[in-house]
Protein chains: 2
Amino acid sequence: MERLDSSTRARYEHRAKVFKALGHPTRLFIVEQLAKGELCVCELKKMIDADLSTISKHLSVLKNAGLVTDDKRGSNVYYHLRISPDGSLFACMDEAAAALASAFGGPDA
Amino acid sequence: MERLDSSTRARYEHRAKVFKALGHPTRLFIVEQLAKGELCVCELKKMIDADLSTISKHLSVLKNAGLVTDDKRGSNVYYHLRISPDGSLFACMDEAAAALASAFGGPDA
DNA sequence: TGGCGATTTGACTAAATTACCAAATAGGAG
DNA sequence: CTCCTATTTGGTAATTTAGTCAAATCGCCA
């Protein structure tokens, strides 16, 4: 029987950090937009109705989870994905939606 | 250009809920154990060093995210996964670990 | 019926998250 | 150099989450 001891826990904390970063609608949206190509903060601002500082902090969470990197060019900061848009993390998003929908009979159940 | 308006946002909130549920090491551990087969709360208790009520609440979060269901049999409550252990949500966990590791040069980078 | 083991729920506290505003910083243009 | 734009950071209030203990439930068995 596997037990959640401290060394096992460290491994799970590692993974949980990535899921946690994806656990916010705005961040999930950002990740999907970046899947189409890099965007600078001001471009994301046009898409998202929130304070610029809020968006900046969401980007920082994604960066700390290893999901994106930033690249300063001129006075702009461009963000792009570190994961493949064809990878399981994206397939996973659809499965996530399906899990909830099929459980509670949502619109796309 | 796609915008995160209120209806779009509702869709992302839906998905984010599932990721959020996976964004805790204990819950991630529980999900992986359940991938091997159903377990009752007292069996999970043997694996996890936390208060029984804490475990119960984690299970409730997973249930609300549509990831598990419960099944009372006798005086025990058995939990089992609602998602396939072969699906992308599991493949995704490895990718999650890899994303962080490759970003920060972790042990399994 | 009475009590027991298993599990959930409620009350509560501490800690983390989120959002906004204002201020700081950094680079480029004039 | 100085202003302007782009972005991040710090402070703070509101909300949510995680964890613990105690109390409430529920199904069984004597």
Side-chain angles (χ1 to χ4, degrees), chain A residues 1 4-6 9-10 12-31 33-34 38-65 67-80 100, chain B residues 4-6 9-10 12-31 33-34 38-65 67-80:
Chain A
M1 174 186 72
L4 186 53
D5 55 20
S6 60
R9 189 180 176 88
Y12 283 101
E13 268 167 7
H14 214 210
R15 296 174 184 196
K17 184 168 187 177
V18 178
F19 285 111
K20 204 168 169 183
L22 293 171
H24 188 287
T26 301
R27 291 195 292 263
L28 219 37
F29 175 82
I30 291 173
V31 167
Q33 297 316 302
L34 292 181
E38 68 169 17
L39 290 168
C40 80
V41 183
C42 63
E43 287 166 327
L44 285 165
K45 166 63 184 165
K46 290 176 203 151
M47 302 174 177
I48 302 168
D49 184 29
D51 195 279
L52 201 47
S53 68
T54 301
I55 296 175
S56 176
K57 279 169 189 171
H58 280 310
L59 287 165
S60 151
V61 171
L62 291 172
K63 193 162 87 171
N64 276 310
L67 290 167
V68 305
T69 50
D70 58 347
D71 175 19
K72 300 172 208 276
R73 291 206 298 279
S75 59
N76 293 331
V77 179
Y78 289 85
Y79 280 85
H80 57 90
L100 239 186
Chain B
L4 185 54
D5 55 20
S6 60
R9 188 180 177 87
Y12 283 101
E13 269 167 6
H14 215 207
R15 296 175 185 195
K17 185 169 187 175
V18 178
F19 286 111
K20 205 168 169 183
L22 293 171
H24 188 288
T26 302
R27 291 195 291 264
L28 219 36
F29 175 82
I30 291 173
V31 166
Q33 297 316 302
L34 292 181
E38 67 169 17
L39 291 168
C40 79
V41 183
C42 62
E43 288 167 325
L44 285 166
K45 166 64 184 162
K46 290 176 203 151
M47 303 175 176
I48 302 167
D49 184 28
D51 196 281
L52 200 47
S53 69
T54 300
I55 296 174
S56 176
K57 279 169 189 172
H58 280 309
L59 287 165
S60 153
V61 171
L62 291 172
K63 193 162 88 171
N64 276 310
L67 290 166
V68 306
T69 49
D70 57 346
D71 175 19
K72 299 171 209 275
R73 291 205 300 276
S75 59
N76 293 332
V77 178
Y78 289 86
Y79 279 86
H80 58 90

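All values below come from the heavy atoms of this structure, side chains included, with hydrogens, waters and symmetry mates left out. Here the structure is a predicted model, which means the values were calculated and not measured.
As rounded to whole Å, 15 Å separates atom C1' of D:dG19 from atom CG of B:Leu59. Residue A:Asp71 contributes atom CG, which lies 12 Å from atom P of D:dT7 at whole-angstrom precision. The distance between atom CG of B:Asn64 and atom C1' of D:dT17, rounded to the nearest whole Å, is 14 Å. Following rounding to the nearest Å, A:Tyr79 (OH) and D:dA6 (C1') show an atom-to-atom distance of 12 Å. Nucleotide D:dT5 holds its P atom 14 Å from the NZ atom of A:Lys46, rounded to whole Å. Atoms CG (B:Leu52) and P (D:dA18) sit 17 Å apart, rounded to a whole Å.
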Check residues 39-47 of chain B and write down every donor-acceptor pair under 3.5 Å in which the side-chain atom is one partner and the other belongs to a residue at least two apart or another chain.
residue, atom, partner, partner atom, Å
B:Glu43, OE1, B:Cys40, N, 2.8
B:Lys45, NZ, B:Ala50, O, 2.8

Which atom pairs, donor and acceptor, lie under 3.5 Å between side-chain atoms of residues 15-23 of chain A and protein residues at least two apart or in another chain?
residue, atom, partner, partner atom, Å
A:Arg15, NH1, B:Glu32, OE2, 3.1

Could you pull out the protein-nucleic contacts involving nucleotides 9-13 of chain D (nitrogen or oxygen on both sides, under 3.5 Å)?
residue, atom, partner, partner atom, Å
D:dG10, O6, A:Lys57, NZ, 2.8
D:dG11, O6, A:Lys57, NZ, 3.1

TODO: Produce a footprint string for nucleotides 23-30 of chain D: one letter per nucleotide, 5' end first; B if the base is under 4.0 Å from any protein heavy atom, S if only the sugar-phosphate is, - if neither.
DONE: ----SS--
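Listed by chain and residue number, nothing satisfies the side-chain hydrogen bond (donor to acceptor under 3.5 Å, both in side chains) test with A:Ser60 (two or more places apart in sequence, or in another chain). The side-chain hydrogen bond (donor to acceptor under 3.5 Å, both in side chains) test applied to A:His24 returns no partner, not counting sequence neighbours. With sequence neighbours left out, the side-chain hydrogen bond (donor to acceptor under 3.5 Å, both in side chains) criterion links B:Asn64 to no other residue. A:Asp51 pairs by the side chain to side chain contact (heavy atoms under 4.5 Å, CB included) definition with A:Ser53, A:Thr54, not counting sequence neighbours. Applying the side-chain hydrogen bond (donor to acceptor under 3.5 Å, both in side chains) criterion to A:Asp71, with sequence neighbours excluded, gives A:Arg73. Every residue meeting the side chain to side chain contact (heavy atoms under 4.5 Å, CB included) condition with A:Asp5, not counting sequence neighbours, appears here in chain and number order: A:Ser7, A:Thr8.
The footprint of chain B on DNA chain C, defined by a heavy-atom cutoff below 4.0 Å, extends from C:dA6 to C:dA11.
Residue pairs satisfying the salt bridge (Lys or Arg N to Asp or Glu O under 4.0 Å) criterion with at least one member in residues 53-64 of chain A, sequence neighbours excluded, are listed as follows: A:Lys63-A:Asp70.
Contact annotation: A:Asn76 reaches the phosphate of D:dT7 (side-chain N/O to OP1 or OP2, under 4.0 Å).
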